[in-house]
Amino acid sequence: MSRTTGRSQRGGHTGVSIEDVAAAAGVSTATVSRAVRGLPRVSPATREKILEVAGALGYVASSSASGLATGRTRTVGVLAPFVNRWFFSKAIEGADRELHSRKYNLSLFNLGGHGSNRERLFSSTMVYKQIDALLVLCMALSAEELEHLHKIDIPLVVVGGHVEDCPYIGINDYEAASTAVRHLLELGHRDIALLHGDDETDLNFDVPRVRIRAFQDVMADAGLDVRPEWDEWGDFTVTSGQEAFTRLWSQPGPKPTAIFCSSDEMAMGVIFEAGRHGVRIPQDLSVIGIDDHDFSEALGLTTVGQRPDDQAELGTRMLLDELDGVAGAVRSVVAPHELIVRETTAPPHA
């Protein structure tokens with residue numbers, strides 16, 4: 001009797017599951033999925049064997065009529081840890097721009113940050129969903145999630161951060177953070193605080209760690225101490241920037257003359273809260289971030305800018321090109337960043 005797992009529900013109304021076809025053909029379910037949908041990286045002999053077995057068993061993949069005609073769903077999945085934060089919303093915008101221009105659909109998988117429901121989504125929704133390719137937006141992934149990701153036998157690219165053994169597109173985070181800190185040093189600052197991403201819950205996500213290391217290295221190269229009491233953390237949100245500033249400024253002892261923030265949103269929180277404490281920006285405290293958020297120009301925020309929409313658009317273009325048979329289309333690319341000097345940084349007040 002055929003199994004009726006969540007995945008076998010994809011086998012149409014014949015009662016034959018994709019696992020049944022895989023077992024009969026002696027291949028993995030991922031290979032069956034690729035073969036019946038006309039995706040690359042399946043040898044002609046293997047594809048012919050799988051289609052013959054599928055036909056004999058009466059297996060029908062539950063694609064739309066147009067998908068059956070082409071072997072494709074014409075849908076690309078976008079996997080995001082959040083959808084309500086600037087980087088991810090801009091990246092989704094860029095991916096959708098490319099998909100729309102090439103008449104593909106976008107299927108969004110929102111992991112909802114850290115939490116117990118993430119594994120369920122990975123195992124029962126995303127992996128089994130019929131998509132032709134997958135764009136992964138930078139995030140922390142557990143070992144189990146990485147294992148699931150590597151089992152997805154479709155074109156895949158990561159945008160915004162390095163994920164082990166996956167092609168990725170993103171800025172050089174070490175150089176971007178170094179650029180920000182060097183800008184403060186060149187202005188004459190020596191008492192510099194750090195507001196970084198929350199490293200403890202970031203699992204294998206390397207962006208926060210890389211930016212911390214860049215700060216420490218540039219300070220060391222300048223012969224400056226990194227004060228542990230000026231090391232603050234946040235979760236890349238405005239609120240966490242406000243909270244970090246309050247903790248920093250409530251401490252006894254000397255205050256920094258500048259602060260490097262690992263994201264513009266946290267830098268915005270610092271600026272907002274500094275105003276409530278009567279701290280003038282940049283006369284009393286220089287602030288620099290990373291991103292060039294949509295609101296950064298209006299706030300006059302000095303930052304190291306990047307374009308997550310362009311990164312995701314490029315990644316999506318690579319995926320679609322590979323689906324169209326372009327060899328080597330998906331590859332790792334270092335995206336550009338640039339220092340944008342505005343009004344929140346200045347030489348330290350005498």
Side-chain angles (χ1 to χ4, degrees), residues 81-82 84-88 111-115 118 137-142 160-162 170-171 173-181 183-184 189 191-220 224-277 279 281 285-293 296 299 301-304 306 344-345:
F82 305 95
N84 60 344
R85 296 188 184 175
W86 178 81
F87 183 96
F88 306 110
L111 288 188
H114 308 290
R118 286 170 55 120
L137 303 186
C138 66
M139 68 182 72
L141 293 171
S142 67
H162 177 262
I171 61 172
D173 285 286
Y174 185 91
E175 285 302 319
S178 298
T179 296
V181 181
H183 171 68
L184 297 175
H189 292 280
D191 300 319
I192 304 174
L194 168 66
L195 174 50
H196 58 81
D198 183 6
D199 199 41
E200 292 184 0
T201 58
D202 277 323
L203 306 174
N204 74 314
F205 185 34
D206 66 351
V207 169
R209 290 190 287 274
V210 169
R211 294 179 183 180
I212 292 169
R213 189 172 76 246
F215 173 81
Q216 294 170 338
D217 289 351
V218 173
M219 291 288 283
L224 299 174
D225 293 330
V226 175
R227 294 178 179 243
E229 68 271 24
W230 291 352
D231 183 304
E232 287 291 346
W233 60 270
D235 62 2
F236 296 97
T237 63
V238 172
T239 299
S240 70
Q242 293 176 279
E243 293 169 348
F245 178 87
T246 300
R247 290 194 301 269
L248 182 64
W249 233 253
S250 65
Q251 297 176 9
K255 299 295 186 285
T257 62
I259 181 168
F260 162 55
C261 303
S262 286
S263 79
D264 279 7
E265 290 187 60
M266 292 195 294
M268 291 174 192
V270 167
I271 293 169
F272 295 150
E273 202 61 28
R276 291 193 176 94
H277 285 74
V279 176
I281 308 291
L285 179 70
S286 284
V287 180
I288 189 170
I290 291 182
D291 276 338
D292 198 24
H293 186 286
S296 295
L299 279 173
L301 176 62
T302 296
T303 187
V304 177
Q306 64 170 325
T344 61
T345 53

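Residues take their numbers from the sequence shown, with the count starting at 1.
- A donor-acceptor pair is defined here as one N or O able to donate and one able to accept, closer than 3.5 Å; such a pair exists between the side chain of Asp264 and the backbone of Asp292.
- Thr302 places no side-chain N or O within 3.5 Å of a backbone atom of Ile288 that could act as its donor or acceptor partner.
- In this structure, Glu175 and Val304 have side chains that are not in contact, with every pair of non-hydrogen atoms separated by 4.5 Å or more.
- Looking at heavy atoms from C-beta onward, Leu195 lies out of side-chain contact with Phe245 at the 4.5 angstrom threshold.
- In this structure, Arg227 and Pro256 have side chains that are not in contact, with every pair of non-hydrogen atoms separated by 4.5 Å or more.
- Sorted by first then second residue, the side chain to side chain donor-acceptor pair (under 3.5 Å) pairs that include residues 245-257, not counting sequence neighbours, are His189-Thr257, Glu232-Arg247.
- The closest side-chain heavy-atom distance from Leu248 to Val270 is not below 4.5 Å.
- Using a 4.5 Å cut-off on side-chain heavy atoms (C-beta onward), Asp291 and Ser296 make no contact.
- Arg213 pairs by the side-chain contact (heavy atoms from CB on, under 4.5 Å) definition with Tyr174, Val210, Asp217, not counting sequence neighbours.
- Side-chain contact between His196 and Asp231 is present, with heavy atoms from C-beta onward closer than 4.5 Å.
- Inter-residue side-chain proximity for Pro208 and Phe236 is flagged as met; some heavy-atom pair is nearer than 4.5 Å.
- A distance-only check finds a donor-acceptor pair linking the side chain of Thr303 to the backbone of Gly289 [under 3.5 Å].
- Inter-residue side-chain proximity for Ile259 and Trp230 is flagged as unmet; no heavy-atom pair is nearer than 4.5 Å.
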